[in-house]
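One structure below.
Both ligands and their constituent atoms are indexed starting at 1 by order of listing. Residues take their numbers from the sequence shown, with the count starting at 1. Because the structure is predicted, anything quoted here is derived from the model rather than measured.
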Amino acid sequence: MTRPYNAATVRALYPGSFDPVTNGHLDVIVRGAALFDELVVAVGTNASKQAWFTVEERLEQLRAVAVAASVRITAVAFSGLLVEFARAQRIGCLLRGVRGARDLDYELPMAQLNRKLAPEIDTLFLVPVPEHAHVSAHLVRDAGRHGAELRGLVPECIRATVEQRLREGNPRG
Ligand code: PNS
């Protein structure tokens with residue numbers, strides 16, 4: 001099978017809400033950046049979720065954690081269909097993290113739909129390290145808004161900012 005886009009560098013797109021960026025996300029970012037020549041991390045809008053952090057805040061978080069982890073990424077925002085964005089960027093591989101069976105139940109229909117919409121684009125699943133298997137942005141938000149310390153759950157370089165914002169409550173909620 002030939003590559004969908006005839007490019008010397010192989011690029012992957014890691015989309016997500018990243019609301020906020022967690023250590024699980026960071027694990028996928030580090031691994032993805034090592035596997036591909038270029039990793040584009042794309043902050044999208046999940047229609048079924050009310051965001052806590054603005055897209056700009058999430059992009060800042062992604063850039064800060066990548067710098068702290070010495071990983072080169074491009075962090076961008078996207079709206080509309082993910083596969084259309086991937087096509088416009090000429091990227092043939094979508095990257096997602098899968099922690100367990102429940103994630104797979106959520107991920108498979110998305111991957112199948114994306115494949116139906118864009119057969120030339122593949123979805124690749126990465127499994128985060130077991131230490132992060134329980135970490136989700138949802139749990140981080142829930143613990144954080146009740147004042148929990150988020151050490152070990154979100155990257156250290158953004159922890160204080162994330163903790164403070166979550167304690168203040170959701171300005172859009
Ligand atoms: O981190 P999340 O919330 O699981 O990320 C979900 C996201 C943003 C990747 C997904 O909702 C998405 O791709 N939205 C864009 C709209 C789209 O393409 N929908 C069809 C495929 S599910």
(message) Ignoring hydrogens and geometry beyond distance, is a side-chain donor-acceptor pair present between Gln164 and Glu168 at under 3.5 Å?
(response) yes
(message) Quick check with a 6.0 Å cut-off and a 45 degree axis cone: is Arg11 positioned over the face of Phe36's six-membered ring?
(response) no
(request) Search all heavy atoms of His134 against all heavy atoms of Leu139 and return the closest pair with its distance. (result) O-CD1, 3.4 Å
Side-chain polar contacts of residues 73-91 - donor-acceptor pairs under 3.5 angstrom, sequence neighbours left out - could you list them?
from	atom 1	to	atom 2	distance (Å)
Glu84	OE2	Arg87	NH1	3.3
Arg87	NE	Glu120	OE2	2.7
Arg87	NH2	Leu117	O	3.3
Arg87	NH2	Glu120	OE1	3.3
Arg87	NH2	Glu120	OE2	3.4

Quick one: ligand 1 N/O to protein N/O pairs below 3.5 Å?
from	atom 1	to	atom 2	distance (Å)
ligand 1	1 (O)	Ser17	N	2.9
ligand 1	3 (O)	Ser17	OG	2.5
ligand 1	3 (O)	Asn46	ND2	2.9
ligand 1	3 (O)	Lys49	NZ	2.7
ligand 1	4 (O)	Arg96	NH2	2.8
ligand 1	4 (O)	Tyr106	OH	2.6
ligand 1	5 (O)	Arg96	NH1	3.4
ligand 1	18 (O)	Leu82	N	2.8

(request) For residues Leu150 and Val162, determine if any side-chain heavy atom of one lies less than 4.5 Å from a side-chain heavy atom of the other. (result) yes
(request) Decide, yes or no, whether a salt bridge links Arg141 with Asp19 under the criterion of side-chain N to carboxylate O below 4.0 Å. (result) yes
